[in-house]
Amino acid sequence: MSPERDPLPGASWRVTSDAPWCPTASLAALRERARLLESTRAFFAARGVLEVTTPVLGHSGPPDLHLALVEARFPGQEGPPLYLQPSPESAMKRLLAAGSGPIYQLGPAFRAGERGARHNPEFHMLEWYRPGLDLAGLGDEADALLAALLGLAPARRVRYGEVFLEHAGLDPFAAGIRELAAAAAALGPGVAELDRDGLLDLLFSHRVQPALGPGAVQVSDFPASQAAMAQVHGPVARRVEVYVDGVELANGYQELGDAAEQRSRFEGMRARRRGLDMPCPPLDEALLAALAHGLPPCAGMALGFDRLVMLALGVAHIEDVIPFPVERA
């Protein structure tokens with residue numbers, strides 16, 4: 001939505017140019033964004049959840065294979081780089097371990113190499129943690145948030161294995177890598193370079209996600225290999241993803257509090273990154289120390305706030321809801 005197409009009378013910019021200095025979102029869109037920010041804060045304040053602000057610069061970053069971190073250096077800085085944080089998760093868990101109680105953060109996050117209709121390297125993330133809440137209770141709270149912000153009915157709840165079998169024609173827990181690769185081959189080149197989880201992600205995003213239908217859907221019980229920082233129960237991760245009208249909006253975990261297990265997972269991720277000649281951030285020893293001190297049993301969720309605004313406005317491009325995407329930053 002360019003400035004000259006502002007849909008609200010009296011809410012237009014004083015310019016109609018597409019010059020690089022101009023904002024890409026309409027004034028009406030930014031007003032709706034501000035309203036949603038205010039409503040989000042009111043939602044959590046009413047529930048006694050404390051808003052916190054954690055650093056956007058950190059000495060480490062999650063070694064997840066699918067995250068490209070943004071490095072940063074100060075003039076004259078020596079030694080390892082700092083990293084613009086792709087999520088406030090690590091610092092927020094340190095607060096939880098220190099006794100913060102329920103908390104949320106609403107602010108910028110950064111991921112390199114992500115640019116598209118729904119992606120910008122700098123984006124806004126809502127993340128919240130609820131001590132004492134299980135994954136089902138977290139899903140209920142996500143339903144309440146989306147009802148308050150978007151007027152949505154409670155999400156339809158399905159299991160990953162069931163919807164994968166229904167829409168991709170394979171049991172994701174039983175299918176071998178050759179079977180997955182054969183099913184994915186029709187989706188485009190590069191399939192041979194993907195590991196098992198990469199093939200599952202490709203098939204899910206192209207076959208399953210578009211078929212989830214309208215409204216909100218919560219998908220749970222992902223493969224244990226995709227747990228990252230979630231607890232695992234047998235073959236499944238205690239994880240839920242929220243989709244609205246086929247758009248991936250949020251990701252929630254029953255949070256892993258075992259420091260030794262988390263260290264082992266991090267080391268495994270770092271080994272895979274090294275094997276692929278990817279940059280490898282140092283271990284997040286501060287987070288691991290916090291987990292060793294004691295993370296209260298809790299569930300947490302991260303939600304892409306820009307995407308929420310896009311859904312509220314019915315627009316398809318992220319530049320319609322942020323004033324200056326990376327090309328105009």
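Bear in mind the structure is a predicted one, so any value in this text is a computation, not a measurement. Just the heavy atoms: all of them, side chains too, but no hydrogens, waters or symmetry mates, feed the values below.
In this structure, Gln218 and Arg156 have side chains that are not in contact, with every pair of non-hydrogen atoms separated by 4.5 Å or more. Counting only heavy atoms from C-beta outward, the side chains of Pro88 and Met125 approach each other to under 4.5 Å. Tyr243 has its side chain within reach of Val219: a pair of non-hydrogen atoms, C-beta onward, lies under 4.5 Å apart. Put simply, the side chain of Pro102 reaches to within 4.5 Å of the side chain of Pro131, judged on heavy atoms. With contacts defined as side-chain heavy-atom distances shorter than 4.5 Å, the pair Leu138/Tyr129 does not qualify. The shortest side-chain heavy-atom distance between Met229 and Phe266 falls under the 4.5 Å cut-off. Between Leu145 and Leu303, some side-chain heavy-atom pair lies under the 4.5 Å cut-off. Put simply, the side chain of Leu69 does not reach to within 4.5 Å of the side chain of Pro279, judged on heavy atoms.
Atoms NE2 and CD, on His59 and Glu285 in that order, are 13.0 Å from each other to the nearest 0.5 Å. Note that CZ of Phe324 and SG of Cys22 are 8.0 Å apart. Values are rounded to the nearest 0.5 Å. Between the CG atom in Asn251 and the CD atom in Glu127 there is a gap of 9.5 Å [rounded to 0.5 Å]. Note: Leu288 CG to Arg263 CZ = 4.5 Å, rounded to the nearest 0.5 Å. Atoms CE and SG, from Met269 and Cys280 in turn, are 11.5 Å apart once rounded to the nearest 0.5 Å.
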Show, in sequence, the C-alpha distance, side-chain angles and deciding distance for Lys93 and Glu89, and conclude whether the salt bridge (charged side-chain N to carboxylate O under 4.0 Å, His left out) test is met.
CA-CA 6 Å; Lys93 286 182 174 177; Glu89 180 170 7; 2.8 Å; yes
Determine whether Leu126 and Thr40 satisfy the following criterion, side-chain contact (heavy atoms from CB on, under 4.5 Å), listing intermediate values before the conclusion.
CA-CA 9 Å; Leu126 166 65; Thr40 300; 3.9 Å; yes
Evaluate side-chain contact (heavy atoms from CB on, under 4.5 Å) for Glu255 paired with Arg130, printing each intermediate quantity in order.
CA-CA 10 Å; Glu255 302 295 342; Arg130 290 297 237 136; over 6 Å; no
Residue pair Glu38, Arg41: steps toward the salt bridge (charged side-chain N to carboxylate O under 4.0 Å, His left out) verdict:
CA-CA 5 Å; Glu38 182 180 8; Arg41 290 188 163 98; over 6 Å; no
Please assess Asp64 against Arg270 for the test salt bridge (charged side-chain N to carboxylate O under 4.0 Å, His left out), listing each intermediate value before the final yes or no.
CA-CA 8 Å; Asp64 190 302; Arg270 294 174 79 240; over 6 Å; no
side-chain contact (heavy atoms from CB on, under 4.5 Å) for Arg157 and Asp143? Distances and angles first, verdict last.
CA-CA 11 Å; Arg157 301 193 183 191; Asp143 278 344; 3.1 Å; yes
Would Leu203 and Phe164 satisfy side-chain contact (heavy atoms from CB on, under 4.5 Å), going step by step from the backbone distance to the final call?
CA-CA 8 Å; Leu203 287 166; Phe164 202 102; 3.6 Å; yes
CA sep, side-chain torsions, deciding dist, call: Arg35, Glu32, salt bridge (charged side-chain N to carboxylate O under 4.0 Å, His left out)
CA-CA 5 Å; Arg35 186 193 70 79; Glu32 175 64 6; 2.8 Å; yes
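At least one test fails for Arg239 against the ring of Tyr253: distance under 6.0 Å to the centre or angle within 45° of the axis.
Aromatic ring pairs are classed by plane angle as parallel below 30°, tilted from 30° to 60° and perpendicular above 60°; the pair Tyr160 and Phe173 is perpendicular.
A donor-acceptor contact closer than 3.5 angstrom links the side chains of Arg307 and His119. Gln105 and Thr53 are not linked by any side-chain donor-acceptor pair at a separation below 3.5 angstrom, with hydrogens and angles left out of the test. No side-chain N or O of Gln85 forms a donor-acceptor pair with one of Tyr83 less than 3.5 Å apart. Looking at Glu51 and Tyr104, their side chains do bring a donor and an acceptor atom within 3.5 Å of each other. Side-chain N/O atoms of Asp284 and Gln262 include no donor and acceptor closer than 3.5 Å.
Val326 and Val70 end up in different hydrophobic clusters when Ile, Leu, Val, Met, Phe, Trp and Tyr side chains are linked at under 4.5 Å. Cluster annotation: Ile103 is not connected to Trp128 through the hydrophobic network of ILVMFWY side chains, with a link wherever side-chain heavy atoms come within less than 4.5 Å. Under a hydrophobic clustering in which Ile, Leu, Val, Met, Phe, Trp and Tyr are joined whenever their side-chain heavy atoms come within less than 4.5 Å, directly or via other members, Leu199 and Val208 fall into the same cluster. Placement of Leu67 and Leu202 in two distinct hydrophobic clusters is found when ILVMFWY residues are connected by side-chain heavy-atom separations under 4.5 Å, directly or transitively. Tracing side-chain contacts under 4.5 Å through hydrophobic residues (I, L, V, M, F, W, Y), one reaches Leu146 starting from Leu106; they form part of the same cluster.
A distance-only check finds no donor-acceptor pair linking the side chain of Gln226 to the backbone of Ala237 [under 3.5 Å]. Checking side-chain atoms of Thr24 against main-chain N and O of Ile322 turns up a donor-acceptor pair under 3.5 Å. Put simply, the side chain of Ser39 never gets that close to the backbone of Leu149: no donor and acceptor are under 3.5 Å apart. For Gln209 (side chain) and Phe204 (main-chain N/O), no donor-acceptor pair under 3.5 Å exists by modelled atom type. Here the side chain of Arg94 pairs no donor or acceptor atom with the backbone of Leu287 at under 3.5 angstrom.
Annotation: His167, atom NE2; neighbour count of heavy atoms from other residues, nucleotides and ligands within 6.0 Å is above 12. Around atom NE2 of His233, no more than 12 heavy atoms belonging to other residues, nucleotides or ligands sit under 6.0 Å away. Heavy-atom contacts from other residues, nucleotides or ligands closer than 6.0 Å to CZ of Arg159 number 12 or fewer.
By the 4.0 Å N-to-carboxylate-O rule, Glu141 lies close enough to Arg47 to be salt-bridged with it. Classification of Arg265 and Asp258 as a salt-bridged pair fails, no side-chain N sitting under 4.0 Å from a carboxylate O. Using a 4.0 Å cut-off between charged nitrogen and carboxylate oxygen, Arg272 and Asp195 count as a salt-bridge pair. A salt bridge is defined here as a Lys NZ or Arg NE, NH1 or NH2 lying under 4.0 Å from an Asp or Glu carboxylate O, and Arg115 with Glu327 meets this definition. Salt-bridge formation is detected for the pair Asp306/Arg33: a Lys NZ or Arg NE/NH1/NH2 atom is positioned less than 4.0 Å from an Asp or Glu carboxylate oxygen. Electrostatic pairing of Asp201 and Arg196 does not count as a salt bridge here, judged by no charged N lying under 4.0 Å from a carboxylate O.
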